[in-house]
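Heads up, the thing below is written out as structure tokens.
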4 protein chains.
Amino acid sequence: MAVFTRKGFGEATVADIASEAGVAVGTIYNYYRDKHDLLISLIARSLLSANLSEILGATEATSDKKIIESLIEDRLEFGLANGQRFLFLFFEIQRNSKLRRQYLSQVVAPIISRIENLLQSGIKKNSFRPTDIKIISRALAGMIIGVMILRGLEQKDSPFKKSRSKEITKELTNFTLYGLVKK
Amino acid sequence: MAVFTRKGFGEATVADIASEAGVAVGTIYNYYRDKHDLLISLIARSLLSANLSEILGATEATSDKKIIESLIEDRLEFGLANGQRFLFLFFEIQRNSKLRRQYLSQVVAPIISRIENLLQSGIKKNSFRPTDIKIISRALAGMIIGVMILRGLEQKDSPFKKSRSKEITKELTNFTLYGLVKK
Amino acid sequence: MAVFTRKGFGEATVADIASEAGVAVGTIYNYYRDKHDLLISLIARSLLSANLSEILGATEATSDKKIIESLIEDRLEFGLANGQRFLFLFFEIQRNSKLRRQYLSQVVAPIISRIENLLQSGIKKNSFRPTDIKIISRALAGMIIGVMILRGLEQKDSPFKKSRSKEITKELTNFTLYGLVKK
Amino acid sequence: MAVFTRKGFGEATVADIASEAGVAVGTIYNYYRDKHDLLISLIARSLLSANLSEILGATEATSDKKIIESLIEDRLEFGLANGQRFLFLFFEIQRNSKLRRQYLSQVVAPIISRIENLLQSGIKKNSFRPTDIKIISRALAGMIIGVMILRGLEQKDSPFKKSRSKEITKELTNFTLYGLVKK
DNA sequence: TATGAATGAGTTTTCATTCAT
DNA sequence: CATGAATGAAAACTCATTCAT
């Protein structure tokens, strides 16, 4: 995965990958049909690695703020852990329809749906402003994704460092809850 | 660009591209040094939209809300116009250091910097909550980027349709300004 | 074809073939999908090379002896011209069902059928002994095939030399007509 | 042998063969030096049928007809038993000089020589027409080989079925002795 | 200036063979 | 003595690039 991420699918050679993995070229072909199958398998594996279930399963008892905070924190950490990989993953997921369906149904849909529930109940409780739930849920999910991508692009210049993880989570949570404007 | 976007750099063949462009393979080499030069030239061309400079140059007289709205609207339209291309652009930009420097200095930095100014002055005027400007500026830029990517992934199921462009801009602007919580 | 015949399909390398043909490896792939397609195309081409039509179209006016003689002579010359190729052709034809169907319908069936007609009319005219036409037609066709194969196997030791072509044809024709036993 | 016959030497993989034989790949290498040695050993084993020696050793007392009949019958049965294998055997024998020498000296030469003796003595006894012994012996041996090959090619459509073995032998014997022409 | 066939370097892929278990 | 995973040499195949037309 490191090689694919660094070079892209077409530019990563099987020899590169074998060498990075410390095995012979032929060994790879004992486990994967071909180079593409290798990529798909690797992606499928990293897709499901997150401990999403905890967050998604959080009880109603937990405060809205806590849930949003956990979500941001979890995805932020996933992003930090996956670093450069992020864009590559998205790009390949987008191009492979089977992978896309899997990712949409197993990762995107549950998260979006969880956020929608959150918004819905918040609005019903009159604690959240009435908004277009479908759009705002994507805005929140998108914000996390976009922040990770900017981090990858800016690299050394980015303010998104692991060390500041707590603070970033706090800021993003507050931004999400209160926006820019002072009450 | 359509072929690069659909297949990725390594998998797009010069023959594909020539055929899509309706010219012979050899003709491409009369205009571009090599395949990589072709990609770089194409990307460099799509980086900047005409409107961006106007928005970035907007006078202080314009209201904060208007500026945010214009920015969201412009990038949203860029994203809708570039569709699937979005991720590919980011991915290739990330991998090509010359391109990355160019993109960071010509697109990301001005936008981020404009947003930072906006936040700074808003906070000074006491109309915005005091926040970590570096983080929140990335949150806003990231939100727009992430929203475009989700749109590309979800495709038919996404609520981000061209037809609803006005409404989406409004929702995102309000979310940015006021957050989720009701005052 | 020379390389395939000399080495067999699996042992002939595309580099060998390209070098023997005096072109680059890549050039072969501009004309044939893959190595197997190359073989099939070559075989299909040599299958239909014979001037069978003349013999098969011979009028009834020609004497039975003349027809048999022409047939033996033609296939004998085809065999001498194709030399070692003979067995390889048969082997590959046998293994490729499309090729087999083509060979059976375009070469074997017409020849067998012509021989059957010949036998039938000869028996009716009472000039030929009554025999099982289906078996004897194969015996005659098979004799020619087998003789060619023995020639390929025995190589230097075989009595089937080009120089003796006329005499061989005469002997085989007489054997076919009169058998071993003296009247 | 089944795998070699079905696929050809180069296309048969040792894994195929091991799997068909119900052993592990490594086991094969405990008994044969390499893949080629395996093939040579298998072919050498199938070359000789038990009956051949009896026929070849038949005393002068046996009638010419009986000898020819036995020979045809034996090789016919060998062909029926070896089916598709036939062509493959010939092809590989042709290509392997050691194998070719062995086959020529142990199978072809004795049969041809036996037939030549038969013809010679028949001609001397004035019961056979005077013919070119070298050619006619090959015609007879070739007929049997060719008939087997046609049978393999035609498969379902061929009149050479096991069930008709007796009749086929009779027809071929009569054809050999008396030819087509009625006395 | 456009073309596209030829090229061959660079990759992917295969699979006979080895050898530790 | 059997096993089968690992190996890497050798082969198939791809395709960016060239260049004569």
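Numbered from 1 within each chain, the chains take letters A, B, ... in sequence-line order.
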Worksheet item: With both distances kept under 3.5 Å, what pairs with F/dA20, Watson-Crick or G-U wobble?
Response: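 Answer to the pairing question: E/dT3, which forms a Watson-Crick or G-U pair with F/dA20.
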Worksheet item: Watson-Crick or G-U wobble partner for E/dT11, using a 3.5 Å limit on both distances?
Response: F/dA12
Classify the nucleic acid contact of [X] as base, sugar-phosphate or nothing, counting any heavy atom under 4.0 Å across all strands shown.
| X | answer |
| --- | --- |
| B/Ala12 | sugar-phosphate |
| B/Val25 | base |
| B/Thr27 | base |

Worksheet item: Between F/dC15, F/dA12, E/dT17, which one does the side chain of D/Val14 approach most closely?
Response: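 Taking heavy atoms from C-beta onward, the closest nucleotide is E/dT17.
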Discussion item. Quick check for you: among F/dC13, E/dA16, F/dT7, whose closest atom lies nearest to any side-chain atom of A/Val23?
Written reply: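 The listed nucleotide nearest to A/Val23's side chain is F/dT7.
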Using whole Å, report how far [atom1] of [X] lies from [atom2] of [N].
| X | N | atom1 | atom2 | answer |
| --- | --- | --- | --- | --- |
| C/His36 | E/dT14 | NE2 | C1' | 17 Å |
| C/Tyr32 | F/dA12 | OH | C1' | 17 Å |
| A/Ile28 | F/dA5 | CD1 | P | 16 Å |
| D/Tyr29 | F/dT3 | OH | P | 15 Å |
| C/Lys35 | F/dA12 | NZ | P | 4 Å |
| A/Arg33 | E/dT14 | CZ | P | 10 Å |
| B/Asp37 | F/dA16 | CG | P | 15 Å |
| D/Leu39 | E/dA16 | CG | C1' | 15 Å |

Fill in: Under-4.0 Å salt bridge between A/Glu11 and B/Arg95
yes
Discussion item. Tell me whether B/Arg100 is salt-bridged to B/Glu92, with the criterion being a basic N under 4.0 Å from an acidic carboxylate O.
Written reply: no
Fill in: Modelled atom types, side-chain donor and acceptor of D/Asp16 and D/Ser19, under 3.5 Å
no
Discussion item. So, OP1 or OP2 of E/dA6: does either fall under 4.0 Å of a side-chain N or O from C/Tyr31?
Written reply: yes
Discussion item. Less than 4.0 angstrom between a side-chain N/O of B/Asn30 and OP1 or OP2 of E/dA2, yes or no?
Written reply: yes
Worksheet item: Start at the 5' end of DNA chain E and walk down; is the nucleotide closest to A/Gly26 or to B/Gly26 reached first?
Response: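 Comparing both residues, the 5'-ward one is B/Gly26.
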Worksheet entry | Ring geometry between A/His36 and A/Phe9 (parallel below 30°, tilted from 30 to 60°, perpendicular above 60°) | perpendicular
Worksheet item: Once the angle between the rings of C/Phe88 and C/Phe4 is folded into 0 to 90°, is it parallel (under 30°), tilted (30 to 60°) or perpendicular (over 60°)?
Response: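 Rings of C/Phe88 and C/Phe4: parallel, as their planes differ by under 30°.
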